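Everything on this sheet refers to the single structure shown next.
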Amino acid sequence: MKKARYLLCFMLMFALALTGVAGEKKIASAAPVSANGRLQVKGRQIVNKKGKPFVIKGVSTHGIAWFPQYVNKKAFASLKKRGVNTVRLAMYTEEYGGYCNSGKAKQRELKKLLDDGVQAAKALGMYVIIDWHILSDGNPLKNKSQAKKFFQEVGRKYASYNNVLFEICNEPNGGDGNWTNIRKYAKQMIKTIRKVNQKAIIIVGTPTWSQDVDVAAQKPLEGKNIVYAFHFYAATHKENLRRKLTGAVKKGLPILVTEFGISEASGNGKISTSQGNRWMRLLNKYKIGRVCWNLSNKTESCALLKSSCRRVSGWKSSDFTKQGRWLWKQY
Ligand code: IDC
């Protein structure tokens, strides 16, 4: 009799533990935005509406003008199922049908595509980053007036959305892409966005393809809810760059990895899962968010989908590249 009662008690506890675990998992994957609300920056940490650290686990599109087919709700839902809570919408400014080299009609199309992405993310309770993807235009000041108009428009349009973040310059680079010019640009963009949108997190790129967070840490910008971008590609960037990141973190700089891959910096070549694992350990230690480049089937090592994969959502494990399969183990 006593034994039976113990057994019953044990079974009951086991059942409770099981539903507890399942329940937690469901909340984590159900709707990150309804559970966490608008993200903000506290000290060097991105936190949720209650002030608790929130770690962005994201995937970036390739250029949306080039691979528009992946900007769809089913695709985002497929990512969410694998632990992704954030999608980054990369809109090149110059190359690949870049926004600044396009006419009005094409620009409207790109903004519609961005909106499709924002609405899909909203419906799924995911965060979304609107990325002004400068690259060959190394100095963000080069297309400043277009950027201003753009951020005024999208800043206003999404002011009431608690899931939208703005990345104002992907990767400044070259001599003119220095911190002095980035700061000048960022000050104006922050002012422009804050006039119409007081709360959204604004992400500022850093010199040398968003690697020099140490330089930004010496003279950060003023204002609330600002974070600094840091990018790495694990088969090229190793201990030296990790030291740079750690230094800036210790100085208190809020950092978000809005782009990373485990390929070489070219986006192609070798894949290094061992270096990737080291990077993940470091990011986990400091609860730094990360967004992986890129959701496409382009024939390159940093694409998440094999080039033979024609599906634009509902992927099977065998559809993913080596980097893709590694990523799902991290998320
Ligand atoms: C790469 C794309 C590739 C494209 C190339 C253009 O993966 O298909 O041909 O851009 O130069 C970055 C950039 C990002 C790069 C990526 C990989 O932000 O645009 O994408 N990368 O090279 N910085 C470091 C690496």
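Counting convention: from 1, in listed order, for ligands and their atoms alike. Quantities reported herein were computed from a predicted structural model and do not represent experimental measurements.
Residues Gln330 and Asn284 bring no donor and acceptor atom of their side chains to less than 3.5 Å of each other.
A distance of 10.0 Å separates CG in Asp115 from CG in Leu89, rounded to the nearest 0.5 Å.
Checked against ring-ring contact (aromatic ring centres under 6.0 Å, His included), Phe166 has no partners two or more places apart in sequence or in another chain.
Geometrically, Lys298 does not engage Phe67 in a cation-pi contact defined by less than 6.0 Å to the ring centre and at most 45° from the axis.
Residues with a heavy atom under 4.0 Å from ligand 1: His62, Tyr92, Tyr96, His133, Leu135, Asn170, Glu171, Tyr233, Glu259, Ala265, Ser266, Gly267, Trp293, Asn294, Lys298, Glu300, Cys302.
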Legend entry - Residues Val128, Tyr158; criterion side chain to side chain contact (heavy atoms under 4.5 Å, CB included); working and verdict: CA-CA 11 Å; Val128 62; Tyr158 302 121; over 6 Å; no
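No side-chain heavy atom of Ile271 sits less than 4.5 Å from a side-chain heavy atom of Thr321.
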